[in-house]
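What follows is a single structure, written as structure tokens, with notes after it.
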Amino acid sequence: MDGAAPVTTAVRWPGRAAGLALACHPGPVVAVTALACALAAGVGLSPARFALVGAAVLAGQLSVGWCNDAYDAGRDARAGRRGKPVADGVVSVRAVWGAAAVAGVLCVPLSLACGLLAGTVHLAAVAAAWLYNLRLKATVLSWLPYAVGFAALPSLVALAAPGAPWPRWWTVAAGALLGVAAHLGDTLPDIEADRAAGIRGLPHRLGGTGTRLLLPVPLLGATAVLVLGPPGPVGAGALAVLGLAGAVALVGPVLGRWWRKAALAGAVAVAAADLALLLVSGAALT
């Protein structure tokens, strides 16, 4: 493990293959891939193009997840973090780097098969995520790769449609805002541990209280853009979603004082409501 002795742990791993699978951060991988597939289904992509979009996003997310665990292996081992397959010595750093490289290489033709513009946008987002893992995670620009990555999802889906139409501006803006919210909510429970490990991203500089206060802003902003951005009158259902999103966005950070993942749960709930807005509008994505 690059010179670091494996951490003795009570975690019982079922095997190296399972450890490698868990090292990819399966939760975010599944969530982001499912989001892309939902958007692709919402705009009515053909089965072949739907499969290409899903495969491209899956490959990109796998490469990012494995890169993250491989790069952080030494720090995780020194911090004694349990439940990390690489730091626990279940799989080697070399194997995880290799898996990240293979997934990254596969992502290139899969992305470009969705269309030159669509593929370029997606590959730029994957590159931004790698840059986050390798450099920006510990800087004040830690939010930027998340904004780029989430904004790229509706862009990829729209540009993969016949004729490669440009995505509507409000879908891209909402995606970017949700990306910032996802970064804040995902980081919030581990801010103190990360700061002790020397990570100084934007949430770590703001601290727990500052991050909780900031989190509702991009969440509400994303929903407001989706509700108010499209031309025409705003329906009662959309206004109800905006009100509900506002309540959840504000309550989540408050409950975070007692439940460490409340803010993240609230962010996920608002993101689900925003996804519902996009799916109801269907072709409005393009």
Side-chain angles (χ1 to χ4, degrees), residues 27-28 30-43 57 121 125 128 142-158 166-189 202-203 206 209-257 259 261-286:
V30 171
V32 174
T33 304
L35 174 58
C37 289
L39 292 175
V43 300
V57 173
V121 166
S142 60
W143 57 272
L144 184 58
Y146 277 79
V148 171
F150 276 72
L153 285 180
S155 303
L156 165 64
V157 172
W166 289 103
R168 302 294 178 92
W169 70 266
W170 57 84
T171 64
V172 178
L177 288 167
L178 283 175
V180 175
H183 175 48
L184 297 176
D186 185 45
T187 307
L188 185 56
L202 176 62
L206 294 174
T209 300
T211 301
R212 274 193 296 269
L213 292 174
L214 179 61
L215 179 56
V217 176
L219 283 176
L220 280 173
T223 308
V225 165
L226 289 175
V227 170
L228 304 175
V234 179
L239 287 176
V241 171
L242 180 58
L244 178 62
V248 173
L250 293 172
V251 170
V254 173
L255 293 179
R257 296 183 178 182
W259 177 31
K261 293 196 175 183
L264 178 58
V268 171
V270 174
D274 291 343
L275 175 60
L277 281 176
L278 278 175
L279 295 180
V280 167
S281 62
L285 189 67
T286 57

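Keep in mind it's a predicted model, so treat the numbers as computed, not measured.
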Kindly list each side-chain donor-acceptor pair under 3.5 angstrom involving residues 228-243, sequence neighbours excluded, with atom names and distances?
none

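- Between Thr33 and Val57, the shortest heavy-atom distance links the atoms CA-CG1, 3.8 Å.
- Within the structure, side chain to side chain donor-acceptor pair (under 3.5 Å) pairs that include any residue of residues 216-241 comprise Thr223-Asp274 (at least two apart or interchain).
- The ring pair (Phe, Tyr, Trp, His ring centres under 6.0 Å) check on Tyr146 picks up Tyr132, His183, with sequence neighbours excluded.
- Side chain of Thr211 to backbone of Pro203: a donor-acceptor contact under 3.5 angstrom is found.
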With a 3.5 Å cut-off and sequence neighbours excluded, list the donor-acceptor pairs that the side chains of residues 147-158 form with protein atoms.
from, atom 1, to, atom 2, distance (Å)
Ser155, OG, Ala151, O, 2.9

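- Scanning all heavy atoms of the two residues, the minimum distance from Pro218 to Leu177 falls at CB-O, 3.4 Å.
- Residues Val180 and Leu184 have side chains in contact (heavy-atom distance under 4.5 Å, counting atoms from C-beta outward).
- Thr171 contributes a side-chain N or O that, together with a main-chain N or O of Arg168, makes up a donor-acceptor pair within less than 3.5 Å.
- From Leu214, atom CG reaches atom OG1 of Thr209 across 12.5 Å, with rounding to the nearest 0.5 Å.
- Partners of Leu202 by side-chain contact (heavy atoms from CB on, under 4.5 Å), not counting sequence neighbours, listed by chain and number: Val140, Ser142, Trp143, Leu206.
- Minimum interatomic distance between Leu178 and Ala222 (heavy atoms only, all atoms of both residues): CG-CB, 3.7 Å.
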